[in-house]
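Numbering starts at 1 and runs along the sequence shown.
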Amino acid sequence: MPHLQLEVSHRCDLPPAQLWPIISDLDAYADHADGLAETRVTDGSGPTAVRSCTDTRGGTWREAVSEWVEGERYTITVDTDTYPAPLRAMFRAFRGTWSVEADGDGSIVRMAFDADIRGGALGRAMVGPMKRKAEKDVAATLRSYEHAAREAEVDA
């Protein structure tokens, strides 16, 4: 079965404790990710959270936290049966992990995605261009997290 992995990291001079509240705010993900119009926790919180996502085209789906290590990382598993039709046709499974770790006097913030692709070679061919765009979008999201953490520092 074809598989897709994508990992993007960003180093900044802020401590992990300052970044964690920003990256772990599951309701605010859409504030940082350009392709999303809304993200909203619909049940639970932290390690038991279930989230609803709406993209900028109006498509919606459900996601659930499948791993949570407070202050370090969490993984979200998408309910691909609820994906909009084009994504449902492309992905059999989709998971994302958000993490922050100390790096000297700063941090590395990372987002990693792991997906099982439908459609064999054709599926892989379709995902290639999507992966390149996703890498740019994820890098922008990570920079947005840093910006938000800096704004929160000023407001404090």
Side-chain angles (χ1 to χ4, degrees), residues 1-56 59-84 87-88 90-104 106-118 123-124 126-150 152:
M1 174 181 340
H3 196 74
L4 167 74
Q5 290 184 301
L6 168 78
E7 183 175 303
V8 179
S9 57
H10 174 73
R11 189 190 187 289
C12 60
D13 62 356
L14 299 171
Q18 194 169 338
L19 290 157
W20 177 252
I22 305 299
I23 71 166
S24 65
D25 183 347
L26 301 178
D27 283 315
Y29 183 43
D31 297 343
H32 305 282
D34 286 339
L36 294 173
E38 179 184 44
T39 49
R40 184 173 47 87
V41 173
T42 59
D43 191 33
S45 66
T48 63
V50 175
R51 173 168 76 182
S52 171
C53 296
T54 304
D55 66 23
T56 54
T60 63
W61 62 91
R62 286 187 312 269
E63 305 176 333
V65 172
S66 52
E67 177 192 33
W68 188 277
V69 179
E70 184 64 33
E72 294 180 22
R73 73 179 175 280
Y74 64 91
T75 299
I76 296 239
T77 300
V78 175
D79 178 354
T80 55
D81 290 340
T82 65
Y83 253 164
L87 293 174
R88 191 172 52 247
M90 189 175 300
F91 297 110
R92 182 180 319 281
F94 198 97
R95 294 158 297 284
T97 299
W98 286 250
S99 64
V100 61
E101 63 187 59
D103 182 53
S107 299
I108 296 177
V109 183
R110 181 175 290 113
M111 290 170 62
F113 296 96
D114 182 53
D116 295 333
I117 312 288
R118 297 182 193 273
R124 279 193 304 274
M126 291 173 54
V127 168
M130 179 186 262
K131 182 178 179 181
R132 287 186 289 280
K133 179 180 180 338
E135 287 171 339
K136 291 177 184 175
D137 291 347
V138 170
T141 299
L142 294 174
R143 289 190 303 273
S144 178
Y145 285 150
E146 178 185 9
H147 179 74
R150 290 189 186 286

Is the count of non-hydrogen atoms from other residues, nucleotides or ligands lying under 6.0 Å from R88 atom CZ greater than 12?
->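 More than 12 heavy atoms, drawn from other residues, nucleotides or ligands, come within 6.0 Å of this atom.
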So how far is it from [X] [atom1] to [Y] [atom2], rounded to the nearest 0.5 Å?
X    : Y    : atom1 : atom2 : value
L142 : L19  : CG    : CG    : 10.0 Å
E38  : R51  : CD    : CZ    : 11.5 Å
E70  : S24  : CD    : OG    : 6.5 Å
M111 : S99  : CE    : OG    : 10.0 Å
I23  : E72  : CD1   : CD    : 10.5 Å
E7   : E135 : CD    : CD    : 10.5 Å

Give the C-alpha distance, both sets of side-chain angles, the deciding distance and a yes or no for side-chain contact (heavy atoms from CB on, under 4.5 Å) between V100 and Q18.
-> CA-CA 10 Å; V100 61; Q18 194 169 338; over 6 Å; no
Counting distance only, does the side-chain N/O of [X] pair as donor-acceptor with the main-chain N or O of [Y] below 3.5 Å?
X    : Y   : value
S107 : L14 : yes
T82  : R62 : yes
D27  : V41 : yes
T39  : A30 : yes

Are [X] and [Y] packed together at the side-chain level, in the sense that at least one heavy-atom pair is separated by less than 4.5 angstrom?
X    : Y    : result
V138 : H10  : no
R73  : R110 : no
D55  : W61  : yes
F91  : V78  : no
H32  : I22  : yes

Please give me the minimum heavy-atom distance between [X] and [Y], naming the atom from each residue.
X   : Y    : result
T42 : S52  : CG2-CB, 3.7 Å
G71 : W20  : N-CE2, 3.1 Å
V65 : G46  : CG2-O, 3.4 Å
P16 : E101 : CG-C, 3.8 Å
C53 : L36  : CB-CD2, 4.4 Å

Given D25 and D31, is the side-chain contact (heavy atoms from CB on, under 4.5 Å) satisfied, shown in steps?
-> CA-CA 10 Å; D25 183 347; D31 297 343; over 6 Å; no
Taking the six-membered ring for Trp, are the ring centroids of Y29 and W98 within less than 6.0 Å of each other?
->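 Aromatic pair counts; centres sit under 6.0 Å.
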Decide, yes or no, whether a salt bridge links D116 with R92 under the criterion of side-chain N to carboxylate O below 4.0 Å.
-> no
Where does the angle between the aromatic ring planes of F94 and Y83 fall among parallel (under 30°), tilted (30 to 60°) and perpendicular (over 60°)?
->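 The rings of F94 and Y83 stand perpendicular, inter-plane angle above 60°.
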